[in-house]
Amino acid sequence: MSPIDVRSPKHCDEKGYNFSVEKVLPIKKLFFGFSTIFLSILSFIFLLYLTLHPTKPNFTLREADIYQLNLSGPRRLLNSSIQLTLVSKNPNKKVGIYYDELQVYASYKGQQITLYTSLPPFYQGHEDSNFLSASLIGNGLPVDPSFGYEVQRDQSAGKLVMNLKASGRLRWKVGTWVSGRYRFNVDCVAIMPFGPSLPAGPLTFRQGAQCSTTL
């Protein structure tokens, strides 16, 4: 039968086998304490978000005027001038919105036909609405060779279809808590009368149209 080797704690200390429970326990307690606090904060934010359900803002195209949309020069570069008014509405009853960035531009047949126009940042309170006006300009912009043909075809059809777009970043505000930034995109469609009897601008849109918003 093999001898049984029983070592006392003192003997283990002498041999270098000392694993101090007293040293390990405070580190574990500290780790679990920080983990508990961190998870509690995340759970609170998540529950707050689920409880309030922030709804993305609504945008409406109120009116638009096209003052210039023509090709010039040997390279057939585009010159454009458009004025528009958007209405932004916050549908949330308990959540405010900080618009940190907001840029507007025009698109025709999938081609960007104006430069980006930046609007100043602003805060939108609960269920508030704001009117946003912008002048969109494009001077000497390169476009697809088929651009002139597309415009002539729309003129023959009697209507011009244009997309007015916005993009930016926003933050939600609940009480004193403010979220991180979220990117959003807005797409508005304007259908304007356009025919041989209307050779000169401005082409106008006054019907009002609900825009699509993605967040």
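Heads up: numbering here begins at 1 and tracks the sequence. It should be emphasised that the depicted structure is a prediction, and the values quoted were computed from it without experimental measurement.
- Taking Ile, Leu, Val, Met, Phe, Trp and Tyr as hydrophobic and joining them when side-chain heavy atoms fall under 4.5 Å apart, one finds Val178 in a cluster with Tyr98, Tyr123.
- Val104 and Tyr116 fall into different hydrophobic clusters, where Ile, Leu, Val, Met, Phe, Trp and Tyr are joined by side-chain heavy atoms under 4.5 Å apart, directly or via other members.
- Applying the ring pair (Phe, Tyr, Trp, His ring centres under 6.0 Å) test to Tyr99 and every residue at least two apart in sequence or in another chain returns Phe122, Phe184.
- Applying the side chain to side chain donor-acceptor pair (under 3.5 Å) rule to Arg181 yields the partners Asp100; only residues at least two apart in sequence or on another chain are considered.
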Under the criterion side-chain hydrogen bond (donor to acceptor under 3.5 Å, both in side chains), I'd like the reasoning laid out for Ser135 against Gln83: C-alpha separation, chi angles, the key distance, then a yes or no.
CA-CA 5 Å; Ser135 296; Gln83 181 74 31; 2.5 Å; yes
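- Residues passing the side-chain contact (heavy atoms from CB on, under 4.5 Å) test with Pro91 are Thr55, Asn58, sequence neighbours excluded.
- Cluster membership check: Leu136 does not share its hydrophobic cluster with Leu77, using side-chain heavy-atom separations under 4.5 Å among Ile, Leu, Val, Met, Phe, Trp and Tyr.
- Note on Tyr182 and Phe59: same hydrophobic cluster, where clusters join Ile, Leu, Val, Met, Phe, Trp and Tyr whose side-chain heavy atoms are under 4.5 Å apart, directly or indirectly.
- A salt bridge links Lys109 with Asp154: at least one charged nitrogen is closer than 4.0 Å to a carboxylate oxygen.
- Linking ILVMFWY residues whenever their side-chain heavy atoms come closer than 4.5 Å, directly or via other members, leaves Met162 and Tyr105 in distinct clusters.
- With sequence neighbours left out, the side-chain contact (heavy atoms from CB on, under 4.5 Å) criterion links Ser72 to Asn79.
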Can you list the steps and then say if Asp65 with Arg206 is a salt bridge (charged side-chain N to carboxylate O under 4.0 Å, His left out)?
CA-CA 9 Å; Asp65 297 290; Arg206 293 288 185 274; 3.0 Å; yes
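- For the 3.5 Å distance criterion, the side chains of Ser107 and Gln112 fail to qualify, holding no donor opposite an acceptor.
- Ile97 CD1 to Asn130 CG: the interatomic distance, rounded to the nearest 0.5 Å, is 9.5 Å.
- Remark: Tyr149 pairs with Arg153 by the side-chain contact (heavy atoms from CB on, under 4.5 Å) rule, at least two apart or across chains.
- Between the CD atom of Gln103 and the CG atom of Leu115 there is a distance of 11.0 Å, given to the nearest 0.5 Å.
- Arg169 is listed as a side-chain neighbour of Glu101, based on a closest heavy-atom distance under 4.5 Å.
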